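Each remark here refers to the structure printed beneath this line.
Values in this document were obtained by computation on a predicted structure and should not be read as measured data.
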Amino acid sequence: SWQSLENNTISLYNLAHGSYSVQVGDKYDENELFTLTVVVVPPWWKTIWFYSVMFLLIFIVGYGAYKKRISDIRKEEAEKNKLKERIAQIEMTALRAQMNPHFIFNCLNSINRFILVHNTEAASEYLTKFSRLIRMILDASREDFVTLDRELEALKLYIGMEAMRFQDSFQWQIHVDKDVVTEHIMIPPLMLQPYVENAIWHGLIQAPSDWGIKSLDIRVYRKFQGIVIEIKDNGIGREKAQKLKSKTGDGHKSYGITLTEERIKLMEKIQGVKADIVIEDLYDDLSQPNGTKVSIIINS
């Protein structure tokens, strides 16, 4: 519809931003028409540039807050892990502090027996080996972990002492496969000794004199991605040993083995190295108990 203009003026209100065409004509001459183009520019806060800048700012602020939160979480986790590792190290130290007196007590017991039977030469030789072993233990006592070759060296001294104590009533050997580099494998000090002690005391020594050749075999070999430390004896086996212990009223679990199991669990927390212990009962051709095999599997 055409509208008459008062005072030759026109007012356009409340137009949204955009482009408009306004036709103006002479009411006395319909042929006199011309078109005005009116462009309404949006305010700066409604421009695409403003929206883009605001979106970019919001994204930067949000991303910065996200990165800071992630950094805070990682820092908290790192502090928690550091605290857990420190606690595990303290627990490992405490267990090691218990382990050493337990082991030393057993060795002193053996020396005492030699003295009681007036075997001074054997007691002297035993004491010499014991002093070497104690020096190795003291050197290792300041460390949470030692190399496997050092552990095996200490184990050789210990088994030699036990063989002396029991008058060489059993044979023993330690074999390490050629592809195993024992200098690169770290384990807690005296980790193997309790299992060897169990094999000797509760397996081999408890076997009767007509048992045949008693033997203790320790083998270290590689299996898949891990290292296996195998301790095998041909003694009376766990079931019969347990019966003998119950008869003597000694029904508690080996103190040294209990401590070792705890230390192996802590080894995983501290070093991230998982170790599994598999205990297998062995039988002869007549299905009679014929020893025990302990496999300590260290997965790298």
Side-chain angles (χ1 to χ4, degrees), residues 102-103 106 110 148 151-152 154-156 158-180 182 185 187-188 190-265 267 274-299:
H102 164 76
F103 172 72
N106 291 336
S110 299
L148 181 57
E151 177 76 357
L152 292 177
L155 202 60
K156 288 177 184 177
Y158 169 73
I159 299 174
M161 289 164 58
E162 291 295 76
M164 276 187 63
R165 173 186 172 185
F166 296 109
Q167 300 176 348
D168 295 319
S169 60
F170 64 91
Q171 298 178 350
W172 63 278
Q173 65 170 350
I174 298 177
H175 175 76
V176 180
D177 283 7
K178 293 181 179 179
D179 60 341
V180 177
T182 55
I185 302 168
I187 62 173
L190 295 179
M191 186 180 85
L192 307 178
Q193 186 271 335
Y195 295 100
V196 173
E197 176 185 302
N198 243 26
I200 296 173
W201 287 22
H202 304 297
L204 299 174
I205 303 307
Q206 298 294 335
S209 56
D210 59 350
W211 191 260
I213 299 175
K214 303 174 187 179
S215 62
L216 172 66
D217 296 305
I218 299 171
R219 183 187 168 203
V220 182
Y221 60 93
R222 188 175 295 278
K223 185 176 183 181
F224 304 119
Q225 298 299 317
I227 298 295
V228 180
I229 305 171
E230 186 180 277
I231 301 167
K232 184 171 71 172
D233 69 84
N234 67 341
I236 61 174
R238 288 190 298 171
E239 183 179 350
K240 194 168 182 179
Q242 190 62 38
K243 289 179 181 178
L244 290 173
K245 286 172 71 176
S246 64
K247 287 181 181 179
T248 59
D250 183 18
H252 70 282
K253 189 176 182 180
S254 172
Y255 183 60
I257 287 180
T258 302
L259 289 176
T260 300
E261 289 173 352
E262 290 297 321
R263 295 166 77 204
I264 288 175
K265 290 177 185 176
M267 181 175 70
K274 184 174 176 58
D276 297 310
I277 301 173
V278 179
I279 301 178
E280 181 184 352
D281 295 311
L282 304 177
Y283 299 90
D284 59 18
D285 297 336
L286 300 176
S287 299
Q288 295 299 313
N290 191 32
T292 306
K293 180 171 71 175
V294 178
S295 299
I296 302 172
I297 306 163
I298 302 174
N299 299 305

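Using a distance-only test at 3.5 Å, with no hydrogens or angles considered, a donor-acceptor pair links the side chain of E151 to the main chain of M191. Listed for the E162 side chain is no donor-acceptor partner under 3.5 Å among the backbone atoms of I200. Remark: side-chain polar atoms of D284 are paired, donor with acceptor, to backbone N or O of L286 under 3.5 angstrom. Under a 3.5 Å cut-off, the side chain of K214 and the backbone N or O of A207 do form a donor-acceptor pair.
We find the NZ-CD distance between K232 and E280 to be 9.0 Å, quoted to the nearest 0.5 Å. Note that the CG atom of N299 and the CG atom of D276 stand 5.5 Å from one another [nearest 0.5 Å]. Atom NZ of K243 is separated from atom CD1 of I236 by 10.5 Å, given to the nearest 0.5 angstrom. Atom OH of Y195 and atom CD1 of I277 lie 3.0 Å apart (nearest 0.5 Å). Note that CD1 of I231 is 8.0 Å distant from CG of L216, once rounded to the nearest 0.5 Å. Here I218 contributes atom CD1 and I174 contributes atom CD1; the two are 4.5 Å apart, rounded to the nearest 0.5 Å.
The only member of V220, V278, I297 that meets side chain to side chain contact (heavy atoms under 4.5 Å, CB included) when paired with V228 is I297.
Heavy atoms only, all atoms of each residue included: N234 and I213 are closest at ND2-O, 2.8 Å. Taking all atoms of both residues into account, the shortest heavy-atom contact from A199 to D233 is CB-OD2, 3.5 Å. The two residues W172 and A163 come nearest to each other via the heavy atoms NE1-CB, 4.1 Å.
For the pair V180/I185, a side-chain contact is recorded, criterion being any heavy-atom separation below 4.5 Å from C-beta on. For the pair P289/D281, no side-chain contact is recorded, criterion being any heavy-atom separation below 4.5 Å from C-beta on. For the pair L152/L192, a side-chain contact is recorded, criterion being any heavy-atom separation below 4.5 Å from C-beta on.
With salt bridges taken as basic N to acidic carboxylate O contacts below 4.0 Å, none links R219 and E230.
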* To do: Dump the intermediate steps for side chain to side chain contact (heavy atoms under 4.5 Å, CB included) on F170 and I205, then the final yes or no.
  => CA-CA 8 Å; F170 64 91; I205 303 307; 4.3 Å; yes
